[in-house]
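Reviewing the structure listed below.
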Amino acid sequence: MTTENSNTETLEIATFASSTDVLKEWLGHRRLTRRVIEAFPEDKIFEYNIGGMRPFADMVKELLDISGPGIKGIATDEWPEATGFSSHSAKDVAPTKAVLLQLWDQATDEIKSYWPKISENRFQENTVVFGMYEGQVFSSILYFIDNEIHHRAQGTVYLRSLGIEPPAFWNRD
């Protein structure tokens with residue numbers, strides 16, 4: 001990969017990670033996030049919150065709105081309307097934790113299905129994800145992953161406040 005700095009000097013940069021490496025890392029994060037979802041008691045995942053933050057199920061709903069549809073959009077350059085971003089009520093789409101987990105698994109399958117359709121060159125291209133957020137494809141994907149980690153950390157705080165030991169953050173098996 002070649003890039004230019006502000007002095008118009010050309011730098012050669014070795015590939016840091018392949019798209020396969022990035023996918024493997026993300027899938028590890030998704031397995032861990034799934035275990036955080038599983039750790040919540042049914043009566044707390046949809047209602048419990050701290051300091052005015054949303055319940056964890058609503059955070060998961062946001063992740064569902066972004067992850068699978070985001071990778072599908074990047075792979076196909078076809079973007080659904082972003083109507084899911086104005087309201088993240090998980091109860092509207094998943095009345096139980098079991099259904100929420102099923103949706104999580106479906107989104108993970110969607111990521112695995114569309115990921116191979118993204119060419120290596122596509123990661124460097126500019127895009128407008130969900131018709132609203134402009135940037136390079138790789139930075140958009142990193143945002144999807146960062147957002148998941150951020151909300152999983154909030155879920156971990158919720159679990160601790162409920163007296164529940166959360167899954168080990170380092171175990172992504």
Side-chain angles (χ1 to χ4, degrees), residues 1-6 13 15-34 36-37 45-47 49-95 99-158 172:
M1 175 169 85
T2 302
T3 187
E4 292 184 15
N5 68 19
S6 60
I13 301 172
T15 300
F16 173 71
S18 71
S19 65
T20 301
D21 295 332
V22 173
L23 176 61
K24 285 180 184 177
E25 285 298 310
W26 190 9
L27 293 177
H29 282 287
R30 291 193 64 82
R31 286 188 294 272
L32 177 53
T33 302
R34 189 183 200 287
V36 171
I37 296 166
I45 194 165
F46 290 97
E47 303 300 328
N49 69 66
I50 298 174
M53 292 191 304
R54 296 175 287 168
F56 187 59
D58 289 351
M59 295 177 199
V60 171
K61 168 67 169 51
E62 176 185 320
L63 300 175
L64 292 170
D65 286 346
I66 292 171
S67 59
I71 293 302
K72 180 180 178 182
I74 286 170
T76 65
D77 209 25
E78 297 172 7
W79 295 95
E81 291 185 36
T83 56
F85 297 134
S86 61
S87 173
H88 298 295
S89 174
K91 278 279 194 186
D92 293 342
V93 296
V99 174
L100 194 64
L101 286 165
Q102 182 180 32
L103 293 172
W104 187 260
D105 293 343
Q106 289 171 356
T108 300
D109 288 344
E110 189 172 27
I111 292 166
K112 290 191 284 190
S113 172
Y114 281 97
W115 192 273
K117 298 174 182 167
I118 304 170
S119 71
E120 290 290 328
N121 290 338
R122 178 82 172 120
F123 286 89
Q124 301 303 317
E125 293 175 5
N126 287 323
T127 190
V128 181
V129 296
F130 299 104
M132 297 187 291
Y133 308 106
E134 187 171 355
Q136 285 181 285
V137 166
F138 79 87
S139 66
S140 297
I141 293 170
L142 290 176
Y143 172 78
F144 300 164
I145 298 168
D146 289 345
N147 194 43
E148 179 177 333
I149 294 167
H150 163 71
H151 288 310
R152 182 177 67 232
Q154 290 174 306
T156 296
V157 169
Y158 281 11
R172 298 188 196 129

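In this chain, residues are counted from 1 in sequence order.
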Heavy-atom pair with the smallest gap, counting every atom of [X] and [Y]:
X	Y	answer
A94	L103	CB-CD1, 3.9 Å
D65	F130	O-CZ, 3.7 Å
R54	Y158	O-OH, 2.6 Å

**Request:** Under the salt bridge (charged side-chain N to carboxylate O under 4.0 Å, His left out) rule, collect the residues that match up with D77, sequence neighbours excluded.
**Result:**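 Testing D77 for salt bridge (charged side-chain N to carboxylate O under 4.0 Å, His left out), a comparison that skips the adjacent residues, returns R122.
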
**By side-chain hydrogen bond (donor to acceptor under 3.5 Å, both in side chains) - contacts of N49 (at least two apart)** =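 Partners of N49 by the side-chain hydrogen bond (donor to acceptor under 3.5 Å, both in side chains) criterion come out as none, since no residue qualifies.
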
**Residues forming a side-chain hydrogen bond (donor to acceptor under 3.5 Å, both in side chains) with S19, sequence neighbours excluded** =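 side-chain hydrogen bond (donor to acceptor under 3.5 Å, both in side chains) check on S19 returns E120.
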
Can you tell me how far the [atom1] atom of [X] sits from the [atom2] atom of [Y], to the nearest 0.5 Å?
X	Y	atom1	atom2	answer
H151	M53	NE2	CE	10.0 Å
L23	I118	CG	CD1	9.0 Å
Y143	H150	OH	NE2	8.0 Å
L64	E110	CG	CD	10.0 Å
I141	I74	CD1	CD1	4.0 Å

List in chain and number order the residues that pass side-chain contact (heavy atoms from CB on, under 4.5 Å) with [X], two or more places apart in sequence or in another chain; answer none if no residue qualifies.
X	result
T76	K72, E78, Y114
R31	L27, R35
E134	V128
E148	W26, H29, R30, T33, L63, W104, R152

**Request:** Tell me yes or no: between the side chains of T108 and D105, is some donor less than 3.5 Å from an acceptor?
**Result:**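 Note: T108 and D105 side chains miss the donor-acceptor criterion.
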
**Item:** Any pair counted as salt bridge (charged side-chain N to carboxylate O under 4.0 Å, His left out), so long as it reaches residues 136-147, sequence neighbours left out
**Value:**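 Qualifying pairs: none.
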
**Asked** Can you find a heavy atom in the side chain of I145 that is under 4.5 Å from one in the side chain of V22?
**Response**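 The answer is yes, as the side chains (C-beta and beyond) meet within the 4.5 Å cut-off.
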
**Message:** Is any side-chain heavy atom of Q102 closer than 4.5 Å to one of Q106?
**Reply:**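 Side-chain contact under 4.5 Å: yes.
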
**Asked** Can you check side-chain contact (heavy atoms from CB on, under 4.5 Å) on F144 and I71, steps first, answer last?
**Response** CA-CA 9 Å; F144 300 164; I71 293 302; 4.2 Å; yes

**Item:** ring pair (Phe, Tyr, Trp, His ring centres under 6.0 Å) involving F138 - partner list, sequence neighbours excluded
**Value:**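 F138: no ring pair (Phe, Tyr, Trp, His ring centres under 6.0 Å) contacts found.
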
